[in-house]
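Computed from a prediction, not measured in an experiment: that's the story for all the values here. Order of listing sets the numbers, starting from 1, for every ligand and every atom in it.
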Amino acid sequence: MILLGSTGSIGVNTLAIAERFGLHVEVLGAGRNIELLNRQIKRFNPSIVVIQEARDRPIVDHPRVLIGQEGIMEAIREAKSDLVINAIVGFAGLRATLEALTCKKRVALANKESLVVAGAFLDSSDIIPIDSEHFGLWYLHDITRPIERMLITASGGAFRDWPLERLQHATLADALRHPNWSMGRKITIDSATMTNKLFELLEARWLFGEGNFDAIIETRSLIHALIDYRDGSTTAHFARADMQLPIAFALLGSVQERIVDRVDLLECGGLEFRAIDPERYPIWSIKEDLLRRPKRGVIVNAANEAAIERFIADEIGFMQIARLTLDAYAHFDVEASEVDALFALDEEVRRWVKER
Ligand code: NAD
Ligand code: MG
C-alpha cells in the first residue's frame, strides 16, 4: 500500500493493522514528525518515503526521499501498489486523492476534506471511506429493503455539557479534550464545533447518493450509524470507538477475525441521545442548505480551516470559528464548475477569512 499521513492518528492505526496482517507498505508519507517516521521506516522498510519539507531531508533514514505535494504525486504514480490510504489532514490531502483516482488506484479515504471539497468531481466507486460512521452505514445498508433515512451519530465533542455562556471563553486546550475518541488536533476541534458531523453528512451524500441524511448525539460513541427502513424498523451499528475496525475492512476487504472487543450492553448500562442544538453548534444552521447544495462544501472547508488556524494562533475565540465559517458561506454564494476552480476558490475564501 501507499500510506500518506503515516505519523498521524489514522496512520498509526493503519500500520498496526498492516503489521498484524502482514501487509506490504511500499510508500510511507508523513508531515514533520521525522522521529516517528524513522521508526516506521525501520519497521516497514518502504521503497519510497515522502515528507512535507525539504529541510527535514537530512534527518530521514532512507535513500529515496521525495518532498511535498509534488513528491506525493510522484510516489503515487511510481509505486506499484494499487491501494492508497489517504490519512493526510485537511485540504492538503485533496491532490493525493485526485492523483490516485487518475492513476486508477483505489483510495481508502480518511481525508474527509477530499469528499467535502470535491465530492462532485470524484468517482466514489473507487473510494472506500475510513470513518466509523460511513463504515457503520455501509455495514447496515441493505438495498433489498426501501430505506427512509440514514442517521449518523456525534459524540457532541468537548463542550457538549458546558454552559452556553462559557463557550466563547473556551481555549484550545479545552477544545482538545474529546470525551470519547483520541484523534488528531484538527478533527478534534471539528468535533467540538460539530463541523466534523456536517462534513460527514456531506461525505455520506457523495458516497451513498441522494437520500435523507441526518445526525444525532449519542454521548458514549458506541452507536455510529442507524438506518430507518420504510417498514418502521431501525437498525443500529454498535462497536467500540476504535478506528482499527473500519481500517481493517478498508485494507482487507473482508474480515474474519476479532478486531475490537464487542460492546457489552450490560456493562454499558444505558445510552443517551440528544438533538444537535444550533445554539451550541451554530454551524448546524446551514445543514439543510449545504445538503441541498453540496458543491458548496469547498467554502465551508476553506473557511473552517482558516478560522481554526486563527483560533490556534489565539487571534479569535472558539465561537468565532463557526461565526467566520457561516459568514464566508453567506458571502461566497458560488459553486465551482470544475476541479481546477476548487483550488482558486479555496484560496480566495481563506484569504477572506484571514482578513476579517
Ligand atoms: P493527524 O493530525 O493525527 O495526522 C495527520 C497526518 O498527516 C500526519 O501524519 C501529518 O504529518 C500528515 N500531514 C499533515 N499535513 C500534511 C501535508 N501538508 N502534507 C503531507 N502530510 C501532512 O490527523 P488524523 O486524526 O489522523 O486525521 C487524518 C484525516 O483522517 C483527517 O482528514 C481526519 O478528519 C480523518 N479522520 C480521522 C479520524 C481519527 O480517528 N483520527 C477518524 C475519521 C476520519
Ligand atoms: Mg467519524
Side chain, backbone, both or neither: the part of [X] lying under 4.0 Å from ligand 1 by heavy atom:
X	result
K186	neither
A110	both
K112	both
Q52	side chain
V89	both

Applying salt bridge (Lys or Arg N to Asp or Glu O under 4.0 Å), name anything that partners R177, two or more places apart in sequence or on another chain.
->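 Listed in chain order: D174.
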Should the pair R296 and Y329 be classed as cation-pi, given the thresholds of under 6.0 Å to the six-membered ring centre and 45° from the axis?
->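 Flagged: R296 positioned over aromatic ring of Y329.
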Kindly confirm or rule out an N or O of G184 lying under 3.5 angstrom from an N or O of ligand 1.
->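 Yes, since at least one N or O of G184 sits under 3.5 Å from an N or O of ligand 1.
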Would you say ligand 1 has an N or O under 3.5 Å from any N or O of T7?
->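 It does: an N or O of T7 is found under 3.5 Å from an N or O of ligand 1.
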Heavy atoms only: which of M243, H134, E133 is nearest to atom 40 (O) of ligand 1?
->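 It is M243 whose heavy atom sits nearest to atom 40 (O) of ligand 1.
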Only one of V107, T14, I72 forms a side-chain contact (heavy atoms from CB on, under 4.5 Å) with L4, so which one is it?
->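 Exactly one option meets the side-chain contact (heavy atoms from CB on, under 4.5 Å) with L4, and it is I72.
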Listed once per pair and sorted, the salt bridge (charged side-chain N to carboxylate O under 4.0 Å, His left out) pairs that draw on residues 75-98, sequence neighbours left out |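 Checked against salt bridge (charged side-chain N to carboxylate O under 4.0 Å, His left out) - neighbours excluded - the pairs reaching residues 75-98 are R64-E78, R77-E99, D82-R106.
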Just which atoms of ligand 1 are under 4.0 Å from any heavy atom in A92?
->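 Near A92, meaning under 4.0 Å from one of its heavy atoms, ligand 1 has 18 (N).
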Look at the rings of [X] and [Y] and say which category their plane angle falls in: under 30° parallel, 30 to 60° tilted, over 60° perpendicular.
X	Y	answer
H237	H224	tilted
F318	F311	perpendicular
F249	Y139	perpendicular

Identity of the N, O or S atom of [X] lying closest to the Mg ion (ligand 2):
X	result
E133	OE1
E200	OE2
D131	OD1

